[in-house]
Amino acid sequence: MAHLTGVEPRPRIRHNDYSPLTPPPLGGWSPTLGASVVIPAHGGQHRLDLTLAALAAQTYPAHLTEVIVVDDRSDPPLRLPDLRPENTRIVPVPDGGWGAGHAMNTGIAAAEGEIVQRLDADMVISREHLEALFRWHHLTDYLVTIGGKRFAEEPALTPGQVHDAVRHGSPEDLFDPSALVSSSTEETIRRLDGLRASKNPYQVCTGPTVSLRRALLDEVRGFDPEVVRGQDTEFAYRLAQAGAVFVPDPDARAVHLGLPAQRGEHGSAIVRLVEAHLAHRVPLRRDLRKEPGRRWRVPYVEVVFDVTGADEPRIVAAADAVLRGTLTDVAVTLTGPWTLLDGGRRWAPGTEAFDLALVRAAFGHDTRVRFAESAAPTAAPVPFRYTAPIDAPPSPALLERAVKAMLEERVGLLVLKAPGGRTATLERTEAVARARLLAAPGEAIADVIAQTHGVRHATPDEFDKAPPAAQKPAVTPAVQPVESTQSAQSAQSAQTGAGMAGGNSAALPEDRAPRTRRGLFRRS
C-alpha cells in the first residue's frame, strides 16, 4: 500500500486497539470519499428489492454512492426494482467460477469508489448504516469496518414499507422483537471491548456487511474464488496478515432476512465444508490441523535461509534441521542466485552453481522447500517467518516454542542473538505488514513493530527446553501508539483462536459465548 498523500501520517494503532481514532458524529460531518456497495446475489429477487429499498434511504450522500448488484446466474435473471438508489446497476458474473467470492471479485472489478462495501442481498440496513461504517475510512486507510446484524424470519413486507421505516429511523419496527435472533459475534465484540482486546479480530468479520478502502483490498487481491463457503473469514484472515485493523460500529445496525445457514437442515454439512476450506488457508486455525503428517496449502511458519556462497552440505543440513523439527507445519525458502542454473549450462564441480544444482536435486520434489532469488517483503499469507544464518538452523523444538511464546505475549518480533554476533528473527506477518505500511522513509521496521506489537530479545537456548509453567519471560515494554493528528482520533463466526504451535491443541475461540437476544447492535 502506498503512503497517504496530502494528509497527516497514518495513526500507529497497537494490535487492534483503535482507541486513538474518534469518528465524527453521525450527521455532523461532510463525507468526501466515493463508495461502491457490491451485492453478490443468486436469486431471491424479493429480498433484493427490500435491500435496495433500504439502500435508497441512506444518509451517506447519494452522489458519492454507487450500488453494483452482481447476478450470479440467477434464473430468471435479476432485475432492478423501481425503488432503488439512483446509481444502481446489475453486472452478470463471467464464466469461470461461481459463488460469493467469484461474484465479489466481479463487482470489485466494476467498482469505481474509493470505499468498497460488501453487502448481502437479504439485508435491511438502518439509514445511518453506510455513514457509520464509511466515516472511519475518512480517518485512515487500513481499517476494515464491520456492521452489526440480527436475524429474523422474513415477514410479509413491501419495498415501500422498508423504505419508509428506514427513512424514519425505525427499521426494527418492521419485525417482531421477540423473533429477532442476535448474531453469535455480538457477545464476542462486547466482551472484547469492541474487538480492541481481540487477539484475532478477523474471526468475527464474517461478511454480510463489511467495508474497506480500495488500497487494502488491492493489497490482498480480493477474494479467493475457490473458497465457496467460509470465503469471508478466509478473506478477513488475509486482511489481518496485511496489517489491517478491524472496527465494528454499533451504529451500523441491520436485520438479516432469514436465520443463519448453520441452523438449517444441512447446517452441520455446511460447517464441515467451511472447515475444509479454512484448514488449508488459515493456519491460525490450529484445531483444524490435528494430523501432523498432512501437508497444508498455507504453512504455519516459513523459514528463510540465504544460501548465497554456501556449499551443498551446509544448505542440506539447515533445511533438514527444519524439516525434522517438532513443528511439521513449515515451509523452507532457500534464497540465492538460482538463475545460475538457468539456460541448460553445465556446472563444474567446485563452483557455486554445482552446489546449488545438488541442492535443487535433493529438494526439488519436496513441496515444503522453495527456491527464490530473494524473500518476499512479508510471509503473507503465512502468519510467521523465521530467518536465520545458514549455519545456525533452529534446534528441533525452537520454532514450536518460540511461536507459542510470541502468541502468549502478543509480540510482533522476536530477535534471537546467538554467540558470535549472529542474529535470527521470528516475525509475525501482520506486524511486519503494518510496520511497512506505517514506517516513515528511512525508519527501521523493528522500531515501528515495537510501537504496534512489541519486540522481544532473547537467546536461542531459552527455547531449547520448555520453561517452567510458572515462569514467563517478560516482554520489553513497547512505545505507546502515536495518536492520530487527523481531524479525529471500533453467516456467524465459527472460528477459533490461535493455539499451540505444534498443531495438536488450540486456544478457546474468542467467539464461543452464550447466544443472547440482547446484543451490541440492539438499538436503545
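Owing to the predicted nature of the structure, the values given are computational and were not obtained by experimental measurement.
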Check [X] against [Y] and note the closest heavy-atom contact, atom names and distance.
X: Glu66; Y: Glu112; answer: OE2-N, 2.7 Å
X: Asn105; Y: Pro225; answer: ND2-CD, 4.0 Å
X: Arg12; Y: Leu438; answer: NH2-O, 3.2 Å
X: Glu128; Y: Leu26; answer: CB-CD1, 3.9 Å
X: Gly169; Y: Pro171; answer: C-CD, 3.5 Å
X: Gly230; Y: Val274; answer: N-CG2, 3.8 Å

Is the number of heavy atoms from other residues, nucleotides or ligands within 6.0 Å of [atom1] ([X]) greater than 12?
X: Arg295; atom1: CZ; value: yes
X: Asp176; atom1: CG; value: yes
X: Trp29; atom1: CH2; value: yes

Can you find a pair of side-chain heavy atoms, one from [X] and one from [Y], that are under 4.5 Å apart?
X: Trp98; Y: Val93; value: no
X: Asp329; Y: Pro299; value: yes
X: Tyr142; Y: Ile13; value: yes
X: Ile125; Y: Leu55; value: yes
X: Val70; Y: Met104; value: no
X: His102; Y: Val228; value: no
X: Gln117; Y: Leu130; value: yes
X: Leu133; Y: Ile115; value: no

Under 3.5 Å donor-acceptor, [X] side chain and [Y] backbone:
X: Arg434; Y: Ala244; value: yes
X: Ser36; Y: Gly113; value: yes
X: Gln58; Y: Arg167; value: no
X: Arg289; Y: Leu284; value: no
X: His129; Y: Arg253; value: yes
X: Asn16; Y: Leu195; value: yes
X: Arg286; Y: Pro283; value: yes
X: Ser74; Y: Asp71; value: no
X: Gln161; Y: Thr158; value: yes
X: His163; Y: Ala53; value: no

Thr378 and Thr429: side-chain donor and acceptor closer than 3.5 Å?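 Distance-only check fails for Thr378 and Thr429.
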
Scan side-chain atoms only and decide if Thr233 and Gln203 contain a donor-acceptor pair under the 3.5 Å cut-off.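 No, no side-chain donor-acceptor contact under 3.5 Å.
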
Give a yes or no on whether a salt bridge exists between [X] and [Y], defined as a side-chain N under 4.0 angstrom from a carboxylate O.
X: Glu219; Y: Arg238; result: no
X: Asp75; Y: Arg73; result: no
X: Arg190; Y: Glu187; result: yes
X: Asp249; Y: Arg135; result: yes
X: Arg118; Y: Asp120; result: yes

Can you tell me how far [atom2] of [Y] sits from [atom1] of [X], rounded to the nearest 0.5 angstrom?
X: Phe384; Y: Arg428; atom1: CZ; atom2: CZ; result: 4.5 Å
X: Arg47; Y: Leu50; atom1: CZ; atom2: CG; result: 9.0 Å
X: Arg10; Y: Leu139; atom1: CZ; atom2: CG; result: 13.5 Å
X: Ile39; Y: Leu48; atom1: CD1; atom2: CG; result: 6.0 Å
X: Ile449; Y: Arg436; atom1: CD1; atom2: CZ; result: 10.5 Å
X: Thr65; Y: Tyr60; atom1: OG1; atom2: OH; result: 6.5 Å

Among Arg385, Glu302, Arg370, whose side-chain hydrogen bond (donor to acceptor under 3.5 Å, both in side chains) with Thr333 holds?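 Only match with Thr333 under side-chain hydrogen bond (donor to acceptor under 3.5 Å, both in side chains): Glu302.
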
Residue of the set His138, His137, Arg213 for which side-chain hydrogen bond (donor to acceptor under 3.5 Å, both in side chains) holds with Glu114: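 When His138, His137, Arg213 are each tested with Glu114, the side-chain hydrogen bond (donor to acceptor under 3.5 Å, both in side chains) holds only for Arg213.
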
In this structure, is the centre-to-centre distance between the rings of Phe246 and Tyr202 below 6.0 Å?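 So the answer is no for these two rings.
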
Run the numbers on His277 and Glu234 for side-chain contact (heavy atoms from CB on, under 4.5 Å), then give the verdict. CA-CA 8 Å; His277 285 300; Glu234 188 276 337; over 6 Å; no

Apply side-chain contact (heavy atoms from CB on, under 4.5 Å) to the pair Val144 and Phe235, showing each step before the final yes or no. CA-CA 11 Å; Val144 177; Phe235 175 63; over 6 Å; no

I would like to know whether Phe175 and Leu157 meet side-chain contact (heavy atoms from CB on, under 4.5 Å); could you show each step before the answer? CA-CA 10 Å; Phe175 306 93; Leu157 293 173; 4.1 Å; yes

Please test Val255 against Lys149 for side-chain contact (heavy atoms from CB on, under 4.5 Å), starting from the C-alpha separation and ending with a verdict. CA-CA 5 Å; Val255 176; Lys149 62 183 180 296; over 6 Å; no

Mutual orientation of the aromatic rings belonging to Phe151 and His256 [parallel < 30°, tilted 30-60°, perpendicular > 60°]: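 Tilted.
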
